[in-house]
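Worksheet for the structure shown next.
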Amino acid sequence: MILDSILDGVGGTPIVRLSRLFRDSPCEVMAKMELCNPGGSVKDRPARYIVERGLADGSIPCDAHVVESSSGNLAIALAMVCRLRGLRFTAVVDPKISPTNLRIIRCYGGNIEQVTEKDRQGGYLETRIECVKQMLRERPGTVWINQYANERNWQSHYHGEGEEILRDLDRPVDYLVLGVSTSGTLHGIARRLREAWPQLKVVAVNAAGSVLFGAPPYPRELPGIGASRVPELLRRDEIGDVIHVNDYESALACRELVKHEGIFAGGSSGSVIAAIQRLCARLPHSARILTILPDRGERYLDTVYNDEWLSRMRDRHLEHNPETSLNSTIGQAA
Ligand code: PMP
């Protein structure tokens with residue numbers, strides 16, 4: 001296979017049956033490997049789709065300066081896409097950004113605008129958005145991607161993973177279990193699959209401590225899923241159950257994934273695996289379950305795959321769940 005550019009390598013990801021990890025379960029669990037995308041994550045899809053559609057319809061001029069508030073996978077993906085499309089890109093980040101991500105964005109040629117002041121909630125979200133708005137006012141030619149409200153975010157997953165799953169699977173799945181932040185991935189895939197499989201049940205996986213589904217905020221460390229505000233794109237009525245998973249449970253499941261399946265994945269992959277383990281345990285019958293694994297493990301070497309960090313998260317977990325017996329409910333660290 002010869003591609004014209006690395007962007008043509010976005011998508012076309014394989015689906016893997018997790019038959020080793022779920023050996024003792026009556027459920028069949030399959031995972032689409034979004035971590036195989038060239039920029040390292042599922043966010044390559046919206047980055048490419050939004051920029052290319054924007055260039056095609058003129059909403060992103062060919063000499064635009066693209067800006068987005070993101071310190072994670074979307075910023076990396078946009079830096080890659082903008083590099084190839086000859087656009088300037090600036091990621092608006094805050095001091096919580098991981099040093100690794102900062103360096104990756106810079107390697108792709110992206111600029112960094114780092115805010116330092118906290119907002120009224122004690123976080124940085126509002127300050128970051130204010131910084132973006134100031135850039136839009138003061139620097140002509142600046143275009144904001146705005147992933148939380150951009151309809152092309154979910155559409156990229158509808159035409160992307162949604163279409164590919166229907167092509168690759170010969171029969172319906174019962175459950176789609178996906179992590180949520182902007183909700184673009186979940187809504188895009190679910191909307192496409194439901195057209196073919198109307199009985200599909202959609203389960204959202206949220207980070208414990210995230211406010212997406214109305215729970216009160218509390219500290220969480222893993223990036224990827226969860227949010228400190230409710231995205232404009234989120235439609236609660238299109239989602240069935242919501243399962244909350246904390247940082248410790250996510251990290252344990254990541255370690256099980258690499259131990260049993262040889263898949264070295266990021267924090268939110270552990271979150272969906274932990275959620276599926278919980279779902280399978282309470283189902284009265286076998287089921288066919290599909291998820292996606294959004295990014296690779298390298299960006300999490302200092303968290304998920306670091307024993308000191310894990311032990312801090314374990315203490316926090318026990319503090320919030322004093323009744324939990326670690327051995328009986330969530331297994332032991334690998
Ligand atoms: N997992 C990871 C690792 C991510 O970076 C993201 C996007 N922040 C998600 C899951 C959730 O995707 P979405 O924003 O489409 O809900």
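Just so you know, ligand 1 is whichever comes first in the structure, and atom 1 is the first atom listed for that ligand.
Residues of the protein with a heavy atom under 4.0 Å from ligand 1 are Lys43, Asn73, Val180, Ser181, Thr182, Ser183, Gly184, Thr185, Gly224, Ile225, Ser268, Pro294, Asp295, Tyr300, listed by chain and number.
In this model, a donor atom of one side chain and an acceptor atom of the other lie less than 3.5 Å apart for Asn37 and Glu34.
Under the 30°/60° scheme for interplanar angles, the aromatic rings of Tyr218 and His320 are found to lie parallel.
Annotation: side chain to side chain contact (heavy atoms under 4.5 Å, CB included) contacts of Arg88 (sequence neighbours excluded): His65.
Annotation: Asp4, atom CG; neighbour count of heavy atoms from other residues, nucleotides and ligands within 6.0 Å does not exceed 12.
The stretch residues 193-218 participates, sequence neighbours left out, in these salt bridge (charged side-chain N to carboxylate O under 4.0 Å, His left out) pairs: Arg192-Glu195. Pairs passing the salt bridge (charged side-chain N to carboxylate O under 4.0 Å, His left out) check and including a residue from residues 210-228, sequence neighbours excluded, read Glu221-Arg312, Glu221-Arg316.
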